[in-house]
Amino acid sequence: MFDFDTQVDRKGTWCTQWDYVQDRFGVNDLIPFTISDMDFKIAPCIEQALNQRISHGVLGYSRWNNTQYLSALEHWYSSQFVTNIDTNMAVYGPSVIYMVAKLIHLWSNENESIVVHTPAYDAFYKVIIGNNRNVEACPLIKTDSHWQCDMTYLETLLAKKEVKILLLCSPHNPTGKVWTEQELSHMAQLCKKYHVKVISDEIHMDMIWQGKHLPWSRFGLNEWAQLSSASKSFNIPALTGAYGFINCPETKELYLQQLKSKDGLSSPAVLSLVATIAAYQQGLPWLNALKYYLRDNLNFVAEKLNDAFPQLNYEIPQSTYLAWIDLRALNIDDAKLQHQLIHHEKVAIMPGTTYGAEGKGFLRLNVGCARSKVEKGVNAIINAVHAIR
């Protein structure tokens with residue numbers, strides 16, 4: 001019903017992943033498997049909704065706080081996560097990371113600290129340091145194919161008087177960890193005990209392969225904000241737009257004041273509203289087909305890598321379309337591998353150290369693309385490893 005095999009030429013469209021690959025990798029004309037957007041065309045229901053809105057002919061100022069938009073959010077959480085959300089808590093923003101930045105500003109002061117599980121999404125480091133706050137790293141521990149949080153160590157971090165926020169990534173990028181009910185409940189209790197506020201970035205919530213996504217709103221015991229967007233799941237990040245739920249009315253009003261009065265963002269991108277409503281009300285068949293395709297891509301990566309290097313025993317992540325590949329068993333040099341990938345295999349694959357020191361020895365491969373492209377990426381990794389061993 002939906003075609004994910006046909007490759008779409010994204011070059012010449014101001015595409016960050018394809019047109020500006022040289023900015024990060026120093027070489028142009030590489031095949032990229034980098035930032036987490038996908039090469040697929042949007043769902044037909046979104047395209048139809050956008051065309052209908054554009055054909056209206058007027059693209060004036062708009063409001064996000066409308067019944068259709070809030071009802072779409074309510075429907076999605078109810079149908080996908082069996083969670084009743086209170087839309088009175090809802091807020092809007094241009095992106096999840098913008099909203100993270102604003103909440104960090106509201107909930108902490110300069111030189112105070114934010115706890116993150118590492119390796120971490122690189123924008124987390126940037127937004128914390130960029131706001132003159134400190135990163136308190138809580139390294140995740142790899143056991144077999146899964147990742148665990150040392151709750152005892154987490155408690156020592158949360159107990160520090162300078163720690164004000166736990167910035168949670170749920171599910172976790174880049175490891176793909178899906179947090180369990182027990183883990184989320186334990187973290188909520190610790191945050192309450194030490195008066196630490198929680199910002200939960202749940203933008204990858206729809207891409208779960210093992211377990212299930214449990215929104216933070218089910219567990220939060222003190223002040224929290226739960227943030228997400230349809231952008232990752234439905235491949236519409238260029239439209240901008242994200243949303244969140246803030247359980248503290250005072251913080252909600254302060255956030256909206258920052259958004260409108262300080263930053264001058266009084267009107268959302270109307271096409272983002274249209275796309276999100278269409279996605280959450282009509283896009284599930286497309287998303288289900290996409291997830292089936294993505295999981296097959298991940299399984300293909302695992303099969304190819306394990307055939308080439310059985311000692312890896314690589315298993316697909318619990319979530320996301322980002323293969324977090326542990327190459328440490330091969331004892332290869334990360335810098336040499338990157339040089340081989342870039343200059344000989346002509347591919348751009350994110351080195352694990354992008355996500356902090358704990359990412360050493362890993363690669364993050366984006367499989368949100370046609371299988372034929374995934375094959376090129378996996379073959380490039382295999383060839384590059386053979387060349388430098």
Side-chain angles (χ1 to χ4, degrees), residues 16-17 35-38 64 69-70 72-73 76-77 80-81 83 85 87 89-108 114-117 120-131 133 135 165-179 197-208 213-217 220 223-247 251-252 254-256 258-259 263 265 268-269 271-273 275-277 279-280 319-322 355 366 368:
T16 298
Q17 185 164 190
I35 62 172
S36 54
D37 70 359
M38 297 181 282
W64 63 268
Y69 183 71
L70 295 177
L73 302 184
W76 195 251
Y77 278 82
Q80 299 307 300
F81 309 116
T83 298
I85 58 166
T87 55
M89 297 182 183
V91 294
Y92 185 85
S95 69
V96 165
I97 205 66
Y98 166 89
M99 300 173 84
V100 169
K102 291 294 108 179
L103 288 162
I104 285 174
H105 178 76
L106 290 172
W107 279 348
S108 64
I114 318 294
V115 173
V116 295
H117 294 97
Y121 172 40
D122 53 321
F124 279 9
Y125 299 111
K126 293 173 184 175
V127 78
I128 293 170
I129 295 168
N131 277 281
R133 273 68 168 172
V135 175
I165 299 168
L166 169 64
L167 178 50
L168 181 67
C169 196
S170 179
H172 186 262
N173 175 16
T175 68
K177 175 179 174 55
V178 174
W179 298 96
K197 298 174 175 64
V198 178
I199 303 171
S200 185
D201 174 354
E202 304 187 6
I203 199 168
H204 291 281
M205 63 189 185
D206 296 312
M207 299 292 176
I208 306 294
H213 176 69
L214 300 170
W216 182 259
S217 58
E223 288 185 57
W224 54 263
Q226 176 179 300
L227 312 177
S228 196
S229 172
S231 61
K232 285 286 186 285
S233 306
F234 290 91
N235 204 34
I236 51 174
L239 293 179
T240 72
Y243 59 83
F245 307 100
I246 300 175
N247 79 324
T251 300
K252 176 190 169 182
L254 287 172
Y255 168 83
L256 291 174
Q258 292 265 319
L259 183 80
D263 294 346
L265 296 172
L271 296 183
S272 174
L273 302 183
T276 299
I277 293 168
Y280 282 0
S319 69
T320 80
Y321 51 83
L322 307 166
Y355 311 99
N366 180 350

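- If you take CG on Leu73 and OG on Ser228, they are separated by 9.5 Å, rounding to the nearest 0.5 Å.
- Taking the side chain as every heavy atom from C-beta outward, Tyr280 and Gln80 never approach each other to under 4.5 Å.
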Note to self: Please evaluate residues Phe124 and His117 with respect to the criterion side chain to side chain contact (heavy atoms under 4.5 Å, CB included), reporting the C-alpha separation (whole Å), side-chain torsions for both, the decisive distance (0.1 Å), and the verdict.
What the structure shows: CA-CA 10 Å; Phe124 279 9; His117 294 97; over 6 Å; no
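- Looking only at side-chain heavy atoms (C-beta outward), Leu214 and Phe81 stay at 4.5 Å or farther from each other.
- With Leu103 as the partner, the side chain to side chain contact (heavy atoms under 4.5 Å, CB included) test is satisfied by one option alone out of Val91, Leu227, Ile165, Leu254: Leu227.
- Looking only at side-chain heavy atoms (C-beta outward), Ser217 and Met89 stay at 4.5 Å or farther from each other.
- Put simply, the side chain of Tyr92 reaches to within 4.5 Å of the side chain of Tyr69, judged on heavy atoms.
- At least one donor-acceptor pair closer than 3.5 Å links the side chain of Ser272 to the backbone N or O of Thr240.
- No hydrogens or angles considered: nothing links the side chains of Asp201 and Tyr121 as a donor-acceptor pair under 3.5 Å.
- Side-chain contact between Ser319 and Val178 is present, with at least one heavy-atom pair separated by less than 4.5 Å.
- To the nearest 0.5 Å, atom CH2 of residue Trp76 and atom OG of residue Ser233 are 7.0 Å apart.
- In this structure a side-chain-to-backbone donor-acceptor pair under 3.5 Å is present from Ser229 to Gly241.
- A side chain to side chain donor-acceptor pair (under 3.5 Å) with Thr251 holds for exactly one of Lys102, Lys197, Glu223; it is Glu223.
- Judged by distance alone, the side chain of Gln226 and the main-chain N or O of Glu202 form no donor-acceptor pair under 3.5 Å.
- Under a 3.5 Å cut-off, the side chain of Asn131 and the backbone N or O of Val127 do form a donor-acceptor pair.
- Heavy-atom minimum distance, Tyr243 versus Ala230: CE2-N, 4.4 Å.
- When atom types are taken as modelled, the side chain of Arg133 and the backbone of Ile114 share no donor-acceptor pair closer than 3.5 angstrom.
- One finds the CG atom of Asn247 at 5.0 Å from the CH2 atom of Trp224 (value rounded to the nearest 0.5 Å).
- Of the inter-residue distances, the one linking Asn173 atom CG with Lys232 atom NZ reads 8.0 Å to the nearest 0.5 angstrom.
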